[in-house]
Structure formats: structure tokens, C-alpha cells
Student: 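One structure coming up, written as C-alpha cells, with questions to follow.
All chains are named by letter (A, B, ...) in the order of the sequence lines, taking the proteins before the strands, and each is independently numbered beginning at 1.
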Amino acid sequence: MVGYLISLGIFTATFALFSLGLNLHWGYTGLINFGHVGFLAIGSYTTILLGIAGVPMFFAVFAGVVLAMGLGFSMGMATLRLREDYLAIVTIGMAEIVRLIALNEDWLTRGGRGVYGFPLPFAQFNPNIPTKLGMIALFWAVVGAAAWQWWQWLERQYGRSRLRWLLPSYAALLIAGTLSLWATLLPLSLGREIAIFPLVLTLLTLGGAIALVSHYCRPDKPAVIPIALNTLAAALGGLVVKALTLGLWDFSYRAGLLWLLVLVLALVVWQLERLIHSPWGRVLKAIREDEEVAKALGKNVFAYKMQSLLLGGAIAAVAGSFYAWQLTFINPDGFVSLITFQGWTIVVLGGAGNNMGPLLGAALFWAYTALTRFIPLDGGRLEALRMMLIGLVLIILMMWRPQGILGKKEELSLGR
Amino acid sequence: MVDESSLAPVPSSVSQVLPADLLLATELCKSFGGIRAVDHAEIRVARGSITGLIGPNGAGKTTLFNLLCNFITPDQGRVIFDGVPISHLPPHQVALQGLLRTFQVPRVLSRLSVLENMLLAAPLQTGEKFWNSWLQPLRIRQEEQELRQRAWAILESVGLAAKANDYAGALSGGQRKLLEMGRVMMHRPRMVLLDEPTAGVNPTLINQICEHIVRWNQGGVTFLIIEHNMDVVMSLCQHIWVLAEGKNLADGPPREIQTNPEVLRAYLGQ
């Protein structure tokens with residue numbers, strides 16, 4: 001179960017990182033980028049090919065970022081002065097060009113046979129106990145900071161600072177709920193029968209946590225369902241936290257990868273939030289709303305669009321390095337346009353124009369993928385059914401909540 | 001400075017440069033396909049004045065505005081703002097010179113708050129540069145503080161302070177006009193081109209808007225106003241330019257324009 005949760009965590013975090021770049025393009029700047037996978041491909045190939053050539057890993061990733069920015073620059077020069085639909089067409093073409101180059105330039109990328117056996121981070125890493133404890137502590141610091149941000153958001157949404165005194169009891173219930181959930185799922189993952197006692201305990205603690213916060217949040221309008229969903233998400237997040245903690249203790253390569261990914265993701269989200277709330281981010285949002293206005297107020301629209309394109313591409317390139325390290329084997333089939341549209345699904349699902357959107361969207365997307373794997377159908381049919389179901393989910397979402405799960409409802413009623 | 005313009009086939013009396021002119025455009029032409037939207041048009045705006053630009057619908061007034069700010073590149077002609085030729089500058093550079101514009105249908109940034117709409121407009125903010133978010137965070141914070149104060153002051157003066165934290169997209173049509181004008185003022189412009197500031201606005205608000213324009217004008221801002229409401233034009237403007245079918249028809253003080261037979265013919269038909 002530890003291994004499975006860690007794998008799932010790596011996929012989720014990689015795609016969250018990938019989609020954060022897309023969210024910067026679409027959600028904040030209004031750029032329609034249908035070729036995001038091109039940045040991922042360049043990041044992946046550059047990192048591993050330079051890694052094989054013996055370049056230290058950090059510099060290999062950095063080179064991938066620089067090359068992806070080069071791709072973004074040429075996309076931008078070609079289209080950013082034109083209307084935005086041209087960008088959509090050119091980006092999709094550019095991503096295909098990158099994939100076809102990877103497929104056909106055999107001397108460089110080994111073509112369709114793919115690349116494997118490249119150096120991986122933490123592959124020969126055997127941490128001693130203090131190092132492990134240090135890694136776990138750093139991870140917990142990130143988790144703690146994220147949990148605190150989440151709690152403050154919950155307070156703003158559902159009960160302002162009146163909730164603060166509830167925090168210790170809520171946290172205790174959440175931890176208890178997570179542990180009992182773990183105890184419920186563990187036998188299941190080993191193929192044994194579900195244990196009744198932990199299940200009852202899970203329901204009691206989580207139910208108690210939901211009831212506690214719902215009751216005290218807003219007496220006039222108790223938001224039970226959102227708080228229930230939040231609590232459930234927190235408990236499931238707790239599972240991954242526990243899995244990674246255990247995984248770091250019995251150190252494995254994948255646990256190390258997820259650990260690194262969590263740190264990178266936290267850093268990127270933190271800095272993106274800072275940027276988006278700076279005057280720079282304000283200009284991006286203005287361009288998203290109406291670029292003529294931004295122009296009329298003296299903003300160099302082209303330069304800002306280009307910066308957004310480059311930064312989002314750089315983030316996707318970093319995601320590309322992790323993508324390759326996770327798969328340990330890559331070939332051009334891993335960079336088809338479908339990946340771009342999975343990114344779009346994640347952004348739309350979570351809510352564009354919100355840096356938390358891609359995180360939630362990626363978690364939902366991979367939870368969905370993990371759950372549908374147990375449907376008893378053969379490979380091709382299962383894949384088709386999955387696509388149909390996610391299409392259906394998107395259609396329903398567009399009807400009921402077009403702004404995405406974390407999008408603000410008030411935005412819908414606005415005229416232009 | 002614009003000697004060559006005297007070679008052009010327009011009356012030389014019109015193309016004389018007066019030192020008091022803040023904005024001067026000569027020989028502006030723009031065709032869309034076979035239609036000459038603006039045809040050798042000419043306009044001068046005296047420093048510190050409120051100048052009007054009128055003409056029947058389809059006369060090319062808004063196109064002329066777009067040409068002045070280079071939102072549309074003119075086929076020919078030149079625009080000089082405060083002695084500096086600006087017809088080759090991209091639109092955002094024109095704005096940075098201090099020549100700002102509003103739009104005929106007010107354009108607010110819907111999913112930004114009213115306050116953010118205002119803050120955005122301030123030119124050359126430190127925090128607008130990408131790296132400065134890391135290099136000069138303290139200075140950015142301080143600037144934001146000052147901008148906020150200025151934005152609040154302007155919002156209060158136009159009566160939008162209560163709406164500061166609402167989405168701009170939730171404002172009514174009249175409020176959008178006010179926001180758009182307030183936003184332009186946030187830029188500390190030297191000259192503002194207003195495209196129909198009172199279109200679709202109730203009479204009380206029209207009076208308010210006129211008062212704001214006069215107040216800002218007394219503060220040193222020059223205005224060029226496209227307007228169909230003749231009461232507004234005649235009471236606000238010191239000088240009026242009339243455009244018909246893309247060509248200059250007349251210009252002069254309001255009294256003269258009101259009685260000019262050609263202008264009357266253009267508006268009322270033969």
C-alpha cells in the first residue's frame with residue numbers, strides 16, 4: 001500500500017506541476033496553449049539525455065528548462081502578436097514537431113525504441129538515520145505549512161476566525177480518522193476482508209470532525225457538504241503523508257522522488273502565489289480580461305504574454321524531468337497531445353485562475369484513474385470507458401459548475 | 001517642425017502649428033478596404049483645454065481616436081504629442097507618454113475588483129517587472145500602499161468607494177463609465193481622449209461626469225471628447241472640431257459651430 005500510494009502521489013504531483021504551468025497560461029493570462037506537452041517533452045529528453053552524457057542532474061534539469069523556454073520563445077514570437085486562436089493552432093503544431101523530432105532523430109533520442117537506463121535521483125542514495133529524520137522533518141514542515149494555509153482558507157470560507165479554537169480538536173480527529181482509514185484500507189490492499197472495527201472508527205472520527213466544524217462554522221448557514229468534502233480530502237491527503245513518511249523511513253528511490261517533488265511543488269506554488277498577487281500578476285490578469293485595456297493603460301502586452309509563456313513552459317519542463325524519472329523509460333508515445341488535454345482537464349476540473357485548482361484537479365484525476373482501474377474490462381475497452389466517463393464528468397461540470405470546483409461562483413454572473 | 005505638412009493639399013491656415021497645442025495631428029488617412037474612414041483629417045488640441053470632436057454617426061470619430069493612440073496604424077499622416085512625434089510608437093508607449101484613452105463602450109476588467117482595476121492603471125510600477133518581486137519586495141509593498149491611497153481617493157471622488165472590493169464586472173453601465181475615467185486618472189495623464197463619456201447614462205450622472213471632467217481639467221489635464229450630447233459639448237468645450245465622412249468639416253468655438261450652416265446640413269441632411 002505504501003508503494004502504491006507513493007506511485008499515485010508521484011503521478012499526481014507531476015501532473016499538478018505540469019498543469020500549474022498551463023494554469024498560468026490559460027487561467028491567469030488567457031493564452032490558449034494546446035501544445036503544453038511540448039515543454040514536457042523537451043524537459044524530459046534534455047534531462048535524461050544530458051544525464052546519460054554525465055552532466056550533473058541539477059544542470060541537466062536546468063538545461064531542459066532553458067531549452068523549453070527557447071521553444072516558448074519561438075512560439076511566442078510566431079503568434080503572440082496575432083489573435084489568440086493562432087496561438088492555439090501553432091502550439092499544437094509545435095508540440096507535434098517536438099514529438100516527431102524525438103521519434104525520427106534516432107541518433108539523438110533512439111527514436112521509438114525509447115530511452116532507459118538513465119541516471120535517476122536518489123538511485124544510489126542510502127541515507128543514515130539522521131538524514132532520514134531530516135528529510136521527514138522537512139517534508140512535515142511543508143505539510144504543516146500547507147495544512148495551515150488550508151485551514152485559514154477554510155476559516156475565510158466558512159467561519160472566519162471563530163473557528164480557530166476548534167483547530168486542535170479538529171486536527172486530532174483528522175489524524176485519528178486518517179489512521180483508522182489506513183487501518184481499513186490496509187487489509188483491503190492485501191486482498192483480505194475489510195476490518196469492521198477500523199471502518200467504524202473511521203466513520204466515527206471523520207463524521208465527528210465534520211459535525212464539529214459544520215456546527216460551529218456559521219450558525220445561519222452550516223456548510224455541511226463542503227466541509228465534509230474538505231475533511232475527506234484532508235483524510236485522504238493524510239494517507240499519502242503517512243505513506244511517504246513510512247516510505248522515507250524504509251528509504252526507497254520512489255519515496256525520495258516524491259519527497260523531492262513535494263518540495264519542488266511547494267516552492268513553485270508558493271512563488272506563483274506571490275507573483276500572481278504582485279503587480280506583475282495583476283497585469284497578467286488584466287490581459288486575460290481585456291488586452292486592449294491593458295494596452296491603453298500603457299502595459300506592454302506582448303512582453304507580459306511572452307513572460308507568462310516562458311515561465312509556464314519552464315514549470316512544465318521541470319515536470320518533464322520528474323515525468324521521465326518516474327517512468328524510468330520514455331519514448332515519444334509518452335508525449336502525445338492527449339497529455340496536454342489531460343492537463344486541460346485537470347485545470348478545468350480544479351478551477352482555472354487559482355493555483356490550488358491544478359492541485360485538486362490532479363488529485364481528482366489520478367484518484368479517478370486509480371479507481372477505474374478496478375473495473376473488470378480488457379485494456380482497450382477500459383481505456384475507452386475511462387475517456388467516456390471523464391468526458392461525461394466534464395460535461396456535467398460545465399453544466400453545474402463551469403468555473404471549476406474551486407472557481408468563484410460570483411464570476412459567472414459578470415458581464416464583460 | 002511640421003513644415004512638410006504645408007505641402008499637403010489642405011488650407012495652410014489649418015495646419016499651422018501653434019505652440020500652445022498639446023496634440024496635433026495632420027493629414028491622417030485610414031481606409032478599410034474601399035472605405036475611407038478617415039480622409040486627410042486634422043486636429044489640434046490646445047494645452048489645458050477641453051476640446052470637442054463631433055460629427056454624425058459613421059463620421060470616423062472613433063477611428064480617428066484609434067489613429068491618434070496608434071491602436072490602428074494610420075495609412076498616412078502624423079501625430080505629434082507635446083512636440084514629440086508619436087505615430088510610430090506602439091499603443092502602450094503612447095499611453096506612457098501621458099496620452100490616455102477610454103472606450104466608447106466602457107471596458108472594465110470584469111474579474112478584477114474595482115480597486116484592482118484602479119491599481120493596474122498606475123504606470124511604471126516597480127512590481128510590474130518580473131524579477132523585482134524578489135529583488136525589491138519592500139519597495140513594491142510601499143508603492144502598493146501609496147497606490148492604494150491614491151486609488152481610494154479617486155474612487156471616493158467619483159463615488160465608487162463603496163464598490164471598491166466588488167468585481168468590476170458587477171458594476172452598472174454608468175458606474176463602468178466612472179470607473180473607466182477614474183482608472184485613466186490613476187495614470188496621472190497629461191491628456192485624455194474620452195469616447196462618448198455620457199452615452200447611455202442618466203441625466204444626473206451626466207452632470208456628475210461633467211463636473212468630474214471640469215475638476216480634472218482644472219487640475220491640469222487636457223481633454224478631447226467625442227460626444228453626441230450637444231448640451232454637454234457646448235457647455236464643456238472651448239473648441240470644437242467637426243468631422244463628416246472622415247473629413248474635417250469645420251472647427252471653432254461652440255457658438256460658431258452651432259450656427260455653421262455646413263454643420264447643420266451634415267447633421268440634419270439636405
Student: So which of Leu120(B), Leu96(B), Leu147(B) has the largest heavy-atom pair count under 4.5 angstrom toward chain A?
Tutor: Leu120(B)
Student: I need the residue from Gly281(A), Ser278(A), Ala296(A) with the largest number of non-hydrogen atom pairs under 4.5 Å to chain B.
Tutor: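 Option with the top pair count is Ala296(A).
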Student: Contact part of Glu128(B) toward chain A, heavy-atom cut-off under 4.5 Å: side chain, backbone, both or neither?
Tutor: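 Glu128(B) touches chain A through backbone and side-chain heavy atoms alike.
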Student: Heavy atoms only, distances under 4.5 angstrom: which of Leu112(B), Leu171(B), Ile140(B) has the most pairs with chain A? Name it, please.
Tutor: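 Among the listed options, the one with the most contacts to chain A is Leu112(B).
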Student: Can you tell me how the ring of Trp344(A) sits relative to the ring of Trp26(A), calling it parallel under 30°, perpendicular over 60° and tilted otherwise?
Tutor: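 Because their plane-to-plane angle lies in the 30° to 60° range, the rings of Trp344(A) and Trp26(A) count as tilted.
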Student: Using non-hydrogen atoms only, which part of Ala122(B) is less than 4.5 Å away from chain A: side chain, backbone, both, or neither?
Tutor: backbone
Student: Can you give me the closest heavy-atom contact between Asp195(B) and Phe65(B), atom names plus distance?
Tutor: N-CE2, 3.8 Å
Student: Identify which part of Arg282(A) has an atom lying under 4.5 Å from any heavy atom of chain B, answering side chain, backbone, both or neither.
Tutor: both
Student: Roughly how far apart are Thr62(B) OG1 and Leu67(B) CG, rounded to 0.5 Å?
Tutor: 11.0 Å
Student: Could you look at Pro123(B) and say if it's the side chain, the backbone, both or neither that has a heavy atom under 4.5 Å from chain A?
Tutor: backbone
Student: Output the option from Arg183(B), Lys129(B), Gln93(B) having the highest count of non-hydrogen pairs under 4.5 Å with chain A.
Tutor: Arg183(B)
Student: Taking all non-hydrogen atoms of both residues into account, name the closest pair between Arg107(B) and Glu180(B) and its distance.
Tutor: N-OE2, 3.2 Å
Student: So what's closer than 4.5 Å to chain B heavy atoms on Leu284(A): side chain, backbone, both or neither?
Tutor: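 Contact with chain B: none, neither part.
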Student: Students often mix this up, so state it plainly: with edges at 30° and 60°, are the rings of Phe18(A) and His36(A) parallel, tilted or perpendicular?
Tutor: tilted
Student: Find out whether the Lys NZ or Arg CZ of Arg101(B) is both under 6.0 angstrom from the six-membered ring centre of Phe71(B) and within 45° of the ring's axis.
Tutor: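 Positive - Arg101(B) is close enough to the ring of Phe71(B) and near enough to its axis.
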Student: Can you see which heavy atom on Ala41(B) is nearest to which on Leu243(B), and at what distance?
Tutor: CB-CD1, 4.3 Å
Student: Under a 4.5 Å heavy-atom cut-off, does chain B meet the side chain of Tyr304(A), its backbone, both or neither?
Tutor: side chain
Student: List the atom of Ala316(A), the atom of Phe39(A), and the distance in Å for their closest heavy-atom pair.
Tutor: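 What the structure gives for the nearest pair is CB-CB, 3.6 Å.
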Student: Which residue out of Leu119(B), Val105(B), Leu124(B) racks up the most heavy-atom pairs below 4.5 Å with chain A?
Tutor: Leu119(B)
